[in-house]
Protein chains: 2
Amino acid sequence: MEATLSGDVVRAGDQARERFYDSSGYGHPVDAGALELAPVEAAHLLYRGDLDAVESSDGEAMDFRAFLASAAVSETAFLVYKDLRDRGFYLSPARAGWTDSSAARSAIDDPAVDFVVYPRGSGPWDDEVAYRVAVVSEREGVPSADLGDLVLAVVDEESELTYLETEHREISGTSDADLPEGVSGELLSDRVLLWDPPEALYERAFYGQPLDDQRGDVIQLSLLEAAYLAREGLLEVDGRTDPIVARGRDVEGERFDRRLRVYESLRDRGVVPKTGYKFGADFRTYADVESVEDLGHSELLVRVFPAGHTFSPRDLALDVRLAHGVRKTMVFALVGDDGEAGGGDVEWLSVTRLTP
Amino acid sequence: MEATLSGDVVRAGDQARERFYDSSGYGHPVDAGALELAPVEAAHLLYRGDLDAVESSDGEAMDFRAFLASAAVSETAFLVYKDLRDRGFYLSPARAGWTDSSAARSAIDDPAVDFVVYPRGSGPWDDEVAYRVAVVSEREGVPSADLGDLVLAVVDEESELTYLETEHREISGTSDADLPEGVSGELLSDRVLLWDPPEALYERAFYGQPLDDQRGDVIQLSLLEAAYLAREGLLEVDGRTDPIVARGRDVEGERFDRRLRVYESLRDRGVVPKTGYKFGADFRTYADVESVEDLGHSELLVRVFPAGHTFSPRDLALDVRLAHGVRKTMVFALVGDDGEAGGGDVEWLSVTRLTP
C-alpha cells in the first residue's frame, strides 16, 4: 500500500480506510477509501509491519527506522502512542477533523493535549473520551496552566513511561470547633508559645503542639497557626496581632504569605492543615477533626506554589510517589497574584499516578 | 540553689555538682561542689523544677518561661535537648571542657556540632559518644560540608523533631560484564537507538531499555548510558563519539556533566545506575548485576549535587522518607569543582532516618 508524507500528514491509498480506520481507528477518512494519518500513526503502522514504507515528498522511501529518525515524528510521541495501543486503546491525535467525537472537541482546542484516548472498545467514531493525554519528556517543564483534566505521559530519560492524572478539585471538610477569644501568646524566634492556652485550642481544633505530651500545659504554635488565629481575632501576641506576619516574612520571605493564604483557605473550608514537613510538603490535612484523640488519617499532602508555576516532571514524580506510599493524595495549591493573606485565589490541583 | 547567668554560662552553687553532674550528667564541674551549666542545661533544670530561677547579671530572677524567652537560650536547642533527655540520654554541649571524653574531642572542634550524646547508661565521665548532633530549624539551609558523621535534629515549624543520620560512605559492587566493541547507534533528540545491539549489552550489563519487551530487538539508550559507552570506546554514534555529550549539555546544561561524572563513577565501581525518575532521584543502583532476568532489588537512590550544595531540611525529609518507603538508602553524590566527566571527585553521603 502506498503512503506519502505531505506536510504533517501521511496520505494512504486504496483500502487504507477499511484496513486501518474501520478496523483499528487509525487516521481519519477524507474520501471513499483514502485516509489521512498523523505521522505518529504512520510510524506505528510501519512498526507493526502494516505499512512497508512512507514516501517523503522528494520520493525517498522511508522504513520505520528512517521515518522515526526523520523530523516528521517525535520519538517520545511514538513511545506513548505505542504504549497506549499496547494497552488496548484506540487513540487519535488532538487535531481538528481527526475524530467525530464531540467529547473530544475541548481536547482539540487545547494546545496542551497531544492525544485523545477513547475508552477500551471505543474509537474515533464514538462519542466518548477516556483520557486527554499530553506527552512530555522528563526534562521539559510543565506549566501549571496546562494541568487539570489532563493526563501527563512522562517519558523518562531511559524511555520508560509514567502516567500522571491531573485534576482540578474542591477542598472541603467539617472541622469547626468553637474557640474562646482572648488567648495570649509569646513570640519566640519562629514559634509562638501559649503558656496558659484554653484546652479546646489543641484538643478540639488541633492548633499547635504541646511542649510536653504528658503535661500538655504549654502549647507551641507555628507562625502560620498563630498568624491565622491573630487574624481571626482569637490571639494576641505581646498585646498585638501584627508581629507574627512580620516575623514570618523575615524567616520565609513572600513564601510565608502564600502559605498563610493557603492555610487560611483550608481552615475556612473546614479542613485542618498541619505541617507536612515529614513528607517534604507544606501541609498534611485532616478534613473532619472533632478531637485530637480521634484524629484518623490525614487525607491530603499540600504543596504551595505561586500561580504560573512550572512543574518539573521529576519533582512531580517524587511528590506523587511519596503521597501514594503514605496513602494520601498530592494536591498543589496555586496562589494567585495577590498572594497576600486575605486576597488571591487558590486553585487546587490533584496529581495522582494512573495506570491506563 | 542559686544559679547565675554570666555570659554564656550559668554558674550553680553548693551541691550542684553532686545533684546535677554526678547523678545526671548536667554541666561540668569547675571546683569542688560548684558547676558550670550551659544555658540549655539550665533551661532543662528549670523546666524540671530542679532549679527555681536563674539570676541574670543585672539581678533579675528568671523562671523557665522568662529564661526560655531570653536571648540566653535557643528554643530549638532546648526542644532537642529535652527530647534526647526524655529518650534516656545524657548529653553535653559541644564545648571544650564540658566533657572528659576523648571521643568527643572531634565534635568539640567541629563548629557544626551542638551536642555530644553519650550511649544510654553513659555520661560525660565515660569515653564513648553515640551521636554528634546538630540542631537545625526546618527553615535553615544545611551546607553539605557540615554533613557526615553528624545527626541532624530538625525542628519543624510545629516544633516536632526528626533525626537524620548523615554518613560518608563508599560505594562498590560486582557488576562487570564483558562487552563487545564496535556497537553503533543513532542519536535521536534525547536518546540513542541501537538497531542491532549485541545481546549482552542489555541482558548482561543492563544498558538501555528494549523498544518492545516482547521483541527486544531494538535498544534505547539514555544519553548518559550512550555517553559512557562512547567514552569507553564501545559505542559509535553517527560514526563519532562526541555528539552525545554535546546533546546532553543542550538539554540539561552543566547538570549533564555532573550526572555523567556520577554515572561513570558508579559504573567504574561495579554498580549499575539506572534512572531514578520514578523516585524523583537521578539514579537507582544495582550492586551485583549478572543478568537482567535476575536483577533483584535496587539498593540505593542517588541524587547528584555540586559540591558545596546547601540542603534544605524539607527536601532532605522528602528524599529520605521516599527512599525509606521503598526500602532503599538515599545517597547524595557531591561532585567537585571540575565536574566534567573524567575529572572531579565524587563524595558519597548517605542520609537515613534515625530514632535515637
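Below, read A as the first sequence line, B as the second, and so on, with proteins coming before strands; counting in each chain starts at 1. Keep in mind that this is a model prediction, so the values were computed, not measured.
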With a 4.5 angstrom heavy-atom cut-off, which part of [X] approaches chain A: side chain, backbone, both or neither?
X	result
B/Glu186	side chain
B/Glu140	neither
B/Asp282	both
B/Val326	side chain
B/Thr76	side chain
B/Asp315	neither
B/Tyr207	neither
B/Leu316	neither
B/Leu301	neither
B/Leu79	side chain

Which heavy atom of [X] sits nearest a heavy atom of [Y], and at what distance?
X	Y	value
B/Pro273	A/Glu158	O-OE2, 4.4 Å
A/Asp156	B/Arg191	O-NH1, 3.4 Å
B/Phe279	A/Leu318	O-CD1, 3.3 Å

Quick one: of [options], who has the most non-hydrogen atom pairs under 4.5 Å with chain A?
options	value
B/Thr162, B/Leu221, B/Asp86	B/Thr162
B/Ser137, B/Gly208, B/Gly325, B/Ala281	B/Ala281
B/Ala317, B/Gly280, B/Ala69	B/Gly280

(message) Strictly distance-based, threshold 3.5 Å: is any side-chain N or O of B/Gln209 a donor or acceptor partner for the main-chain N or O of A/Ser159?
(response)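 Looks like no, no N/O pair under 3.5 Å.
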(request) Report yes or no: does B/Glu157 contribute a side-chain atom to a donor-acceptor pair with the main-chain N or O of A/Leu223 at less than 3.5 Å? (result)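 A pair under 3.5 Å: no.
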(message) Looking only at the side chains, is there a donor atom on one of A/Glu75 and B/Ser189 sitting less than 3.5 Å from an acceptor on the other?
(response)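 Judged by distance alone, the side chains do pair up.
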Who among [options] has the most heavy-atom pairs with chain B under 4.5 Å?
options	value
A/Arg353, A/Arg255, A/Glu225	A/Arg255
A/Val154, A/Leu193, A/Asp83	A/Val154
A/Lys278, A/Glu138, A/Arg139, A/Lys82	A/Arg139

(request) Would you check if A/Glu160 and B/Tyr277 make a side-chain contact, meaning some heavy-atom pair closer than 4.5 Å? (result)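 The answer is no; the side chains never approach within 4.5 Å.
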(request) State, with a plain yes or no, whether a side-chain heavy atom of A/Phe78 is found less than 4.5 Å away from one of B/Leu211. (result)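 Touching, per the 4.5 Å side-chain cut-off.
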